[in-house]
Amino acid sequence: MSRLVLVAGAGSDSGRAVCARLMDDGARVLAVGSRLWQLADTPATARYEADLSSSSAVETLAARVRAEHGTIDGLVHLVGGWRAGRSDDDWAWLESRVVETFRLVSREFHPDLAAAPAGRLVMISSSTVEKPTWANANYAAAKAAAEAWARAAASGFAKGGSAASVILVVRSLGEGEGATGVDALAARISTLWDEPAEVLNGTRIPVAPERLTE
């Protein structure tokens, strides 16, 4: 049976690109978004609406997924967003989307990934973590917290040897100088099942930006 991969944040440009690439590779893809209508154009085996910042909603989602499809082989977390500054309101928004959604969904599906023949947990981080600025303090701190959780997940996979937690790093996603295109991100994600878990687990891998040509 083909690999089963859950993509969280599948209604975004990056989500659609990743789902399309995984489907082309022969995977069964479960697209998850906060609004079902936003998933209409996302290639997927099945689509689910869920508030991934809610523990109970994540538990309900996991129960449905396991009942309808079985345990997953991959979890790609693309939920996020960006806000500059240091305000409490912006921190609460970022913490809910960047940290809490990743913490809850990866915690719930961690046993599935650990038991899979080649489980992969993937998060997208930012080069801002390496050189945080006062202007982007909230964003850098939220991404750093999510990275710490990803490394903690990696320690949980270490004994089994078949699963890997991977942090992919970009400056930004989309088009423009220094940005990584969503298709390039999708292509890099698709290769992660071809690489040994013991090599990948706990790694932080930069995804090169597009080179603009005239």
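Positions are given from 1 along the sequence. It should be emphasised that the depicted structure is a prediction, and the values quoted were computed from it without experimental measurement.
Within the 3.5 Å criterion, the main-chain N or O of Ala31 finds no donor-acceptor partner in the side chain of Arg47. The main-chain N or O of Gly119 is never found under 3.5 Å from a side-chain atom of Asp73 such that the two would form a donor-acceptor pair. A donor-acceptor pair under 3.5 Å is formed between the side chain of Ser126 and the backbone N or O of Thr128. Between the side chain of Trp193 and the main chain of Ala118, a donor-acceptor pair closer than 3.5 Å is present. Proximity of a side-chain donor or acceptor of Ser165 to a complementary backbone N or O of Ala152 within less than 3.5 Å is not detected. Not a single donor-acceptor pair under 3.5 Å links the side chain of Asn138 to the backbone N or O of Leu94. Between the Lys143 side chain and the Ile124 main chain, a donor and an acceptor come within less than 3.5 Å of each other. Judged purely by atom type and a 3.5 angstrom limit, Asp51 uses its side chain to pair as donor or acceptor with the backbone of Ser53. With Thr45 contributing its side chain and Val29 its backbone, the two residues share a donor-acceptor pair below 3.5 Å. In this structure a side-chain-to-backbone donor-acceptor pair under 3.5 Å is missing from Ser96 to Ala92.
Here the straight-line distance linking atom CG of Asp24 with atom SG of Cys19 works out to 11.0 Å at 0.5 Å rounding.
Salt bridge Arg83/Asp89: absent, no basic N to carboxylate O contact under 4.0 Å. Under the 4.0 Å criterion applied to side-chain N and carboxylate O atoms, Arg204 and Glu130 are assigned as salt-bridge partners.
Both Val58 and Val32 are assigned to one and the same hydrophobic cluster, defined by single-linkage of ILVMFWY side chains at heavy-atom distances under 4.5 Å. The hydrophobic cluster containing Val122 also contains Leu185, counting ILVMFWY residues as joined when their side-chain heavy atoms lie under 4.5 angstrom apart, directly or transitively. Transitive grouping of hydrophobic side chains (ILVMFWY, heavy atoms separated by less than 4.5 Å) brings Val5 and Val166 into a common cluster. With hydrophobic clusters built from ILVMFWY side chains whose heavy atoms lie under 4.5 angstrom apart, Val79 does not share a cluster with Val99. Cluster annotation: Leu168 is not connected to Val98 through the hydrophobic network of ILVMFWY side chains, with a link wherever side-chain heavy atoms come within less than 4.5 Å.
With 3.5 Å as the limit, one finds a donor-acceptor pair spanning the side chains of His77 and Thr101. Side-chain polar atoms of Asp194 and Thr191 form no donor-acceptor pair below 3.5 angstrom. Residues Glu147 and Ser125 have side chains that bring a donor and an acceptor to within less than 3.5 angstrom of each other.
Between Ser190 and Asp25, the shortest heavy-atom contact is CB-OD2, 3.0 Å. Minimum interatomic distance between Val207 and Ala184 (heavy atoms only, all atoms of both residues): CG1-O, 4.4 Å. The two residues Glu49 and Ser34 have their closest heavy-atom pair at CG-O, 3.3 Å. Minimum interatomic distance between Ile167 and Ala150 (heavy atoms only, all atoms of both residues): CG1-CB, 3.8 Å.
In this structure, Arg86 is not positioned above the aromatic face of Trp91 in the sense of NZ or CZ being under 6.0 Å from the six-membered ring centre and within 45° of the axis. A cation-pi geometry, defined here as NZ or CZ lying under 6.0 Å from the six-membered ring centre and within 45° of its normal, does not hold between Arg120 and Phe157.
Partner of Glu108 under the salt bridge (charged side-chain N to carboxylate O under 4.0 Å, His left out) criterion, out of Arg103, Arg64, Arg66: Arg66 alone.
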Do Asp88 and Trp93 pass the side chain to side chain contact (heavy atoms under 4.5 Å, CB included) test, and can you show the C-alpha distance, the side-chain angles, and the key distance before you say yes or no?
CA-CA 9 Å; Asp88 291 346; Trp93 187 87; over 6 Å; no
What's the verdict on salt bridge (Lys or Arg N to Asp or Glu O under 4.0 Å) for Arg188 and Glu195, showing C-alpha distance, side-chain angles and the deciding distance?
CA-CA 11 Å; Arg188 186 65 184 93; Glu195 301 172 47; 2.8 Å; yes
